[in-house]
Amino acid sequence: MSENSFLAKIDFILEMIENVELIINRHKGIVETLEDIEGQMAILMAISQIGETLKKFDDTLIEKYDLKEDKEGAYYTRNYIVHDYEGVDLGFIENILREYLPKLKTKILKIKSDF
């Protein structure tokens, strides 16, 4: 993976995280966002895009930046959202928004600052 390609993926993930933050702010909170069908669908799409993009990271970069669990977890979540036809557990998504996404953003910003 070229450095430009990697940086484009980093920027895309940051954009998706910032979009999630914007959507949550517009709805005045995570619970309110997930209770609104448009907010819910937008959040689920952004999380899916993050998982899909992390999956494309080169294994060397995954190892260098200790992203193995992030890559696997994000892709698992992407598959869960995309393929769970009986419905997504919004409590699970709420936990991702509260706990995981802020940590991922910090990691991604650190990686970006290295380039």
Side-chain angles (χ1 to χ4, degrees):
M1 176 184 313
S2 73
E3 185 174 314
N4 285 342
S5 175
F6 181 64
L7 285 174
K9 288 174 178 54
I10 290 292
D11 286 339
F12 182 74
I13 290 172
L14 284 174
E15 179 183 353
M16 289 298 103
I17 293 171
E18 289 167 359
N19 287 344
V20 166
E21 293 169 341
L22 177 66
I23 293 163
I24 289 169
N25 286 334
R26 282 186 181 166
H27 285 83
K28 310 280 190 264
I30 292 171
V31 171
E32 293 81 359
T33 303
L34 295 175
E35 288 176 346
D36 176 76
I37 189 64
E38 290 174 332
Q40 180 186 126
M41 298 302 287
I43 293 293
L44 293 176
M45 177 56 82
I47 291 172
S48 295
Q49 291 294 313
I50 291 167
E52 185 68 29
T53 304
L54 273 172
K55 179 70 172 172
K56 295 176 183 175
F57 278 18
D58 182 87
D59 287 340
T60 305
L61 294 168
I62 292 293
E63 187 175 315
K64 179 179 179 179
Y65 290 104
D66 191 30
L67 292 170
K68 185 175 186 218
E69 288 182 21
D70 299 287
K71 177 181 174 179
E72 291 172 358
Y75 197 67
Y76 166 82
T77 302
R78 176 250 181 231
N79 285 340
Y80 170 67
I81 289 168
V82 172
H83 297 292
D84 190 345
Y85 305 112
E86 296 174 12
V88 174
D89 178 355
L90 295 180
F92 176 68
I93 300 302
E94 181 180 351
N95 187 54
I96 289 170
L97 297 173
R98 290 189 193 283
E99 302 295 328
Y100 173 71
L101 223 50
K103 292 175 186 174
L104 180 63
K105 182 178 183 181
T106 299
K107 279 186 174 183
I108 297 296
L109 287 170
K110 167 68 174 109
I111 294 167
K112 186 172 180 173
S113 74
D114 286 351
F115 281 84

More than 12 heavy atoms from other groups under 6.0 Å of OH on Tyr76: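 Count not over threshold, so no.
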With a cut-off of 6.0 Å (strictly less than), are more than 12 heavy atoms of other residues, nucleotides or ligands near CD of Glu32?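 Yes - once you tally the heavy atoms of other residues, nucleotides and ligands closer than 6.0 Å, there are more than 12.
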Side chain to side chain contact (heavy atoms under 4.5 Å, CB included) between Asn95 and Tyr100, intermediate numbers included: CA-CA 7 Å; Asn95 187 54; Tyr100 173 71; over 6 Å; no
Test item: Ile111 and Leu67 side chains (from C-beta on) under 4.5 Å apart, heavy atoms: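 Counting from C-beta outward, Ile111 and Leu67 do come under 4.5 Å.
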In the structure I gave you, are the side-chain heavy atoms of Asn19 and Met16 within less than 4.5 Å of one another anywhere?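 In contact.
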Quiz question: by atom type and distance under 3.5 Å, do the side chains of Lys110 and Thr106 form a donor-acceptor pair?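 Their side chains do not contain a donor-acceptor pair, so the 3.5 Å distance test is not met.
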Path from Leu61 to Phe12 over hydrophobic side-chain contacts below 4.5 Å: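 Same hydrophobic cluster.
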Run the side chain to side chain contact (heavy atoms under 4.5 Å, CB included) check on Ile13 and Ile17 step by step: do they pass? CA-CA 6 Å; Ile13 290 172; Ile17 293 171; 3.9 Å; yes
Answer yes or no: is there a donor N or O on one side and an acceptor on the other, between the side chain of His27 and the main chain of Ile23, under 3.5 Å?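 Checking the backbone N and O of Ile23 against the side chain of His27, a donor-acceptor pair under 3.5 Å is found.
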Return the set of residues passing salt bridge (charged side-chain N to carboxylate O under 4.0 Å, His left out) with Lys107 (not counting sequence neighbours), or none when no residue passes.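 Listed in chain order: Asp70.
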Residue among Leu34, Val31, Thr33 satisfying side chain to side chain contact (heavy atoms under 4.5 Å, CB included) with Leu97: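 Passing option: Leu34.
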Asp59/Lys68 ion pair, N-O < 4.0 Å: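 Salt bridge between Asp59 and Lys68, a charged N being under 4.0 Å from a carboxylate O: no.
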Basic-acidic side-chain contact under 4.0 Å: Lys105, Glu21: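 Yes, this pair counts.
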Would you please indicate if the ring centroids of Phe57 and Tyr65 are separated by under 6.0 Å?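 No, too far apart.
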Met41 vs Met45, test: side chain to side chain contact (heavy atoms under 4.5 Å, CB included). Steps then yes/no. CA-CA 6 Å; Met41 298 302 287; Met45 177 56 82; over 6 Å; no
